[in-house]
**Student:** 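Mind looking over this structure? Questions follow.
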Amino acid sequence: MSAINIKTLARENVLKFLKSFDTVLTDCDGVLWMHMTPLPNSSDVMNLFRKFGKRVFYVTNNSTKTRDDLVEKCKALKFQANKEDILCTANLSACYLQSLGFCKKTYIIGSEAIARELEQVGISYYGIGPDTINQNNPYSVFKKDPEVAAVIVGFDEHFSYPKMVKAATYLNDANVHFIGTNTDERFPVSSDVVIPGTGSLVRCIESCSERKAVIMGKPDKYMAKMLMERSNIDPQRTLMIGDRCNTDILFGTRCGFITLLVLTGVTALSDVERWKQSEQQEERDLVPNYYIDALGDLLPYLKE
Ligand code: PLP
Ligand code: CA
């Protein structure tokens, strides 16, 4: 991998790069927006890609949004997007269970978005919201629901010891499916506070259940499998844009996509420089083909 700074290329070579793909997969948070604030010119860039006939997909690890939520968010922030252009881990979790012909109940550690997506495919669930320790009998906090045959772990602000007990107990049965939405360890930190991400919760449940979760999000290839099933894309002519190398860029590398890192989110250029020199293939796989300070910086090349 090369990590070419787009801005060091002659204009004709940037145009060649822009012509080298006809499908664009973009990560969302850190590339297009930060929470509710769009990053400058990023919507113009994405909308121009569409205008020039490129197929655009929004691929996010965020498990707290349904596809409908993300269509709404795109609309509010002026990104053109339809429901079928969105791949998000709450929806993929539901699709995964549906693909198994699953018709039992799911215990969710996660948010309402997972519940909404399960409802859309007719799968029953419980577990949303706070859970409290039974102070009189903390190690026997619940009775197993015999209908539960899957556990999904996504982002959950109410993550707690009672939830760990439930998940680990259900997963003690090897026939119970174990799904983790994504592996992001923590959120981008703009202040002094570190916010643990879903990956930390998934690892916690993996540890106490002594099981490995099937992961829906980047860098695992399930997302790409779903994409390939839904549309006919050519990996060699597909661009993956991301701000986090151990999810977005690794996903792109594994799938044989062209990769572009933007420096508006998690990964810093100093990390990329270190991985480039690494002896270890796993670290070299984190190096993108290209990088640019911000997605919006592509705008001058897309406008004549
Ligand atoms: N998980 C949660 C709960 C989030 O809120 C976010 C970003 O907001 C992410 C994961 C990462 O999302 P993305 O893959 O779009 O960067
Ligand atoms: Ca991101």
Side-chain angles (χ1 to χ4, degrees), residues 24-39 42-43 46 56-67 69-74 76-77 79 81 85-93 108-117 128 152-159 179-191 193-204 213 215-220 222-224 226-227 239-252 255 259-268 271-272 286 288 291-292 294-296:
V24 181
L25 311 185
T26 181
D27 170 70
C28 295
D29 203 73
V31 175
L32 308 178
W33 56 65
M34 292 302 273
H35 310 292
M36 277 312 288
T37 309
L39 288 164
S42 56
S43 62
M46 294 313 299
V56 169
F57 292 95
Y58 298 84
V59 294
T60 177
N61 275 358
N62 188 346
S63 65
T64 69
K65 299 268 185 286
T66 62
R67 285 206 291 172
D69 295 336
L70 286 158
V71 169
E72 283 306 305
K73 181 164 183 175
C74 282
L77 301 184
F79 293 87
D85 307 332
I86 311 262
L87 281 114
C88 64
T89 54
N91 173 255
L92 291 180
S93 303
I108 303 175
I109 293 180
S111 67
E112 282 288 338
I114 298 171
R116 298 289 85 78
E117 293 283 3
I128 304 296
I152 298 178
V153 181
F155 185 67
D156 189 342
E157 290 170 324
H158 304 291
F159 190 78
I179 296 163
T181 57
N182 58 299
T183 53
D184 303 43
E185 299 88 356
R186 39 153 108 177
F187 293 112
V189 269
S190 52
S191 65
V193 182
V194 171
I195 304 177
T198 309
S200 308
L201 310 186
V202 172
R203 280 210 209 158
C204 173
I215 304 295
M216 299 292 108
K218 305 158 286 180
D220 286 65
Y222 181 71
M223 207 176 232
M226 292 303 284
L227 189 68
L239 178 71
M240 173 71 213
I241 309 171
D243 69 300
R244 186 179 196 124
C245 287
N246 72 350
T247 53
D248 308 319
I249 301 304
L250 184 57
F251 175 71
C255 296
T259 52
L260 171 64
L261 174 71
V262 296
L263 300 173
T264 43
V266 174
T267 299
D271 295 323
V272 175
L286 302 173
Y291 73 89
I292 194 163
L295 181 63

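Just so it is clear, the model here is predicted, and its values are computed rather than measured. In each ligand, atom 1 is the first atom listed, and ligand 1 is the first ligand listed.
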**Student:** If you look at Asp29, which of its N/O/S atoms is nearest to the Ca ion (ligand 2)?
**Tutor:**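 Result: O.
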**Student:** As a quick check of understanding, evaluate side-chain contact (heavy atoms from CB on, under 4.5 Å) for Leu227 and Leu87, giving each step before the final call.
**Tutor:** CA-CA 8 Å; Leu227 189 68; Leu87 281 114; 3.3 Å; yes
**Student:** Under 4.0 Å between a side-chain nitrogen and a carboxylate oxygen: does that hold for Lys65 and Glu72?
**Tutor:** no
**Student:** Got more than 12 heavy atoms from elsewhere within 6.0 Å of CZ, Arg116?
**Tutor:** yes
**Student:** Using a cut-off of strictly less than 3.0 Å, determine whether Asp184 has an N/O/S atom near the Ca ion (ligand 2).
**Tutor:** no
**Student:** How wide is the angle at the Ca ion (ligand 2) between OD1 of Asp27 and OD1 of Asp243, to the nearest 10°?
**Tutor:**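 Taking the Ca ion (ligand 2) as the apex, the two atoms subtend 110°.
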**Student:** Residues two or more places apart in sequence or in another chain: which of them pass side chain to side chain donor-acceptor pair (under 3.5 Å) with Thr66?
**Tutor:** Asp69
**Student:** Filter the ligand 1-protein atom pairs down to N or O on both sides and distance under 3.5 Å, then list them.
**Tutor:**
from, atom 1, to, atom 2, distance (Å)
ligand 1, 5 (O), Asn62, ND2, 3.2
ligand 1, 12 (O), Thr60, OG1, 3.4
ligand 1, 14 (O), Asp27, OD1, 2.8
ligand 1, 14 (O), Asn61, N, 2.8
ligand 1, 14 (O), Lys218, NZ, 3.1
ligand 1, 15 (O), Asp27, OD1, 3.3
ligand 1, 15 (O), Cys28, N, 3.4
ligand 1, 15 (O), Asp29, N, 3.0
ligand 1, 15 (O), Thr60, OG1, 2.7
ligand 1, 16 (O), Asp27, OD1, 2.9
ligand 1, 16 (O), Asp27, OD2, 3.4
ligand 1, 16 (O), Asp29, O, 3.2

**Student:** Could you tell me whether Asp27 and Arg244 have a side-chain N and a carboxylate O separated by less than 4.0 Å?
**Tutor:** no
**Student:** Run the numbers on Met34 and Thr264 for side-chain contact (heavy atoms from CB on, under 4.5 Å), then give the verdict.
**Tutor:** CA-CA 9 Å; Met34 292 302 273; Thr264 43; 5.8 Å; no
**Student:** Measure the CG-CG distance between Leu70 and Asp85 for me, rounded to the nearest 0.5 Å.
**Tutor:** 11.5 Å
**Student:** Would you say the Ca ion (ligand 2) has Asp248 as a near neighbour, meaning an N/O/S atom of that residue under 3.0 Å away?
**Tutor:** no
**Student:** If we ignore hydrogens and angles and just use 3.5 Å, is the side chain of Glu117 paired with the main-chain N or O of Thr89 as donor and acceptor?
**Tutor:**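 Flag not set: sc Glu117 to bb Thr89 has no pair under 3.5 Å.
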